[in-house]
Amino acid sequence: NAQKGDNKLLSDGTVVSINANTKLEFPEEFKNTERRVRLNGEAFFDVARDTEHPFIIEMEGATVKVLGTSFNIRSYGDEIELTVKSGKVAFKAEEGNKSWELIKGDQLVYKRSERTVKMQRDEQLNAIAWKRGSLVFVDTQLKEALRYMTNYYGVSFQLENAKLQNCKLNLNYEQ
């Protein structure tokens, strides 16, 4: 288990920033045709480009495959959240043959128990707020902003008035 902000430099030049309560398993040196790691928790990957050797992240119930890109994976409990900062990423659940390709700003949320995928946009890349130390909301519904703040601060928010959840928020918060 790592501390929030721990950085790992893998043998291929890939840099992985690890969030708190995360376990990342990787070999000392990649020797096969694939560069394969296993993740339980949350990490931001800046994958060294190598078209001959795909980089694969295994999680319980799913895999992510890339050639060279940067993205965040949050894999706790029943949910996997994948957000792409640059390049292209392929997501595949173990159940079924379908896969999804994501590009910059795309976010995929996979619920393991329901085997459902929801695609959405994270234009401000708030999913990686834990790494960069800032949250940015531009015309964002309050309910979505609270979801990111919950992940960022590790606390739950409840609205006393449900009518407020669709109100738009514009905010730039830096630590």
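Along the sequence shown, residues carry numbers from 1. Nothing here was measured: the structure is a model prediction, and the numbers come from that model.
- Residues Phe44 and Ser70 have side chains in contact (heavy-atom distance under 4.5 Å, counting atoms from C-beta outward).
- Looking at heavy atoms from C-beta onward, Phe157 lies in side-chain contact with Val155 at the 4.5 angstrom threshold.
- Annotation: side chain of Phe45 is in contact with side chain of Ile57 (closest heavy-atom distance under 4.5 Å).
- At a threshold of 4.5 Å between side-chain heavy atoms, the hydrophobic network of Ile, Leu, Val, Met, Phe, Trp and Tyr places Val15 and Leu82 in two separate groups.
- Ionic pairing of Glu79 and Arg112 is not present here: no N-O contact between side-chain nitrogen and carboxylate oxygen is shorter than 4.0 angstrom.
- Summarising the geometry of Ala145 relative to Thr140, their closest heavy-atom pair is N-CG2, 4.0 Å, with the distance given to 0.1 Å.
- No side-chain donor-acceptor contact under 3.5 Å links Asn72 to the backbone of Thr83.
- Side chain of Asn170 to backbone of Asp139: a donor-acceptor contact under 3.5 angstrom is found.
- The aromatic rings of Phe137 and Tyr148 sit tilted relative to each other, their planes meeting at an angle between 30° and 60°.
- Criterion: ILVMFWY side-chain heavy atoms under 4.5 Å apart, direct or through other members. Under it, Phe30 and Val64 are part of a common hydrophobic cluster.
- Ser134 and Ala129 get closest at one heavy-atom pair: O-CB, 3.1 Å.
- Note on Glu29 versus Lys31: no salt bridge recorded, every NZ/NE/NH1/NH2 to OD/OE distance being 4.0 Å or above.
- In terms of modelled atom types and a separation under 3.5 Å, the side chain of Arg35 and the main chain of Val47 share no donor-acceptor contact.
- Residues Ser11 and Phe26 form no side-chain contact, since every pair of their non-hydrogen atoms from C-beta on lies 4.5 Å or further apart.
- At a threshold of 4.5 Å between non-hydrogen side-chain atoms, the residues Tyr76 and Glu42 count as touching.
- Residues Tyr153 and Leu169 share a hydrophobic cluster, clusters being chains of Ile/Leu/Val/Met/Phe/Trp/Tyr side chains in contact below 4.5 Å.
- The two residues Leu24 and Val16 come nearest to each other via the heavy atoms CD2-CG1, 3.8 Å.
- Minimum heavy-atom separation, Ser17 to Asn7: OG-OD1, 2.6 Å.
- Two residues are said to be in side-chain contact when any heavy atoms from C-beta on lie closer than 4.5 Å; Leu159 and Lys143 fail this criterion.
- Of the possible polar contacts, none joining the Asn32 side chain to the Glu34 backbone as a donor-acceptor pair under 3.5 Å is found.
- No single ILVMFWY cluster, assembled from side-chain heavy atoms under 4.5 Å apart, contains both Met119 and Val109.
- In this structure, Lys85 fails the cation-pi test against Phe71, since its NZ or CZ atom is not both closer than 6.0 Å to the six-membered ring centre and inside 45 degrees of the ring normal.
- Arg115 places no side-chain N or O within donor-acceptor distance of the main-chain N or O of Ala93, the cut-off being under 3.5 Å.
- In this structure, the side chain of Ser75 does not engage the main chain of Met59 through any donor-acceptor pair within 3.5 Å.
- You'll find the side chain of Gln141 reaches within 4.5 Å of the side chain of Lys168, heavy atoms only.
- Between the side chain of Arg121 and the backbone N or O of Glu123 there is no donor-acceptor pair closer than 3.5 Å.
- The stretch residues 87-114 participates, sequence neighbours left out, in these ring pair (Phe, Tyr, Trp, His ring centres under 6.0 Å) pairs: Phe91-Tyr110.
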Go through Glu25 and Arg36 one step at a time and tell me if the salt bridge (charged side-chain N to carboxylate O under 4.0 Å, His left out) criterion holds. CA-CA 9 Å; Glu25 297 174 23; Arg36 192 173 287 267; over 6 Å; no
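- Side-chain N or O atoms of Thr22 include one that pairs as donor or acceptor with a backbone N or O of Ala20 at under 3.5 Å.
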Quick one: do Gln165 and Lys163 satisfy side chain to side chain donor-acceptor pair (under 3.5 Å)? Show the steps, please. CA-CA 6 Å; Gln165 68 182 345; Lys163 292 178 185 176; over 6 Å; no
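- Counting heavy atoms from C-beta on, the side chains of Val37 and Leu10 come closer than 4.5 Å.
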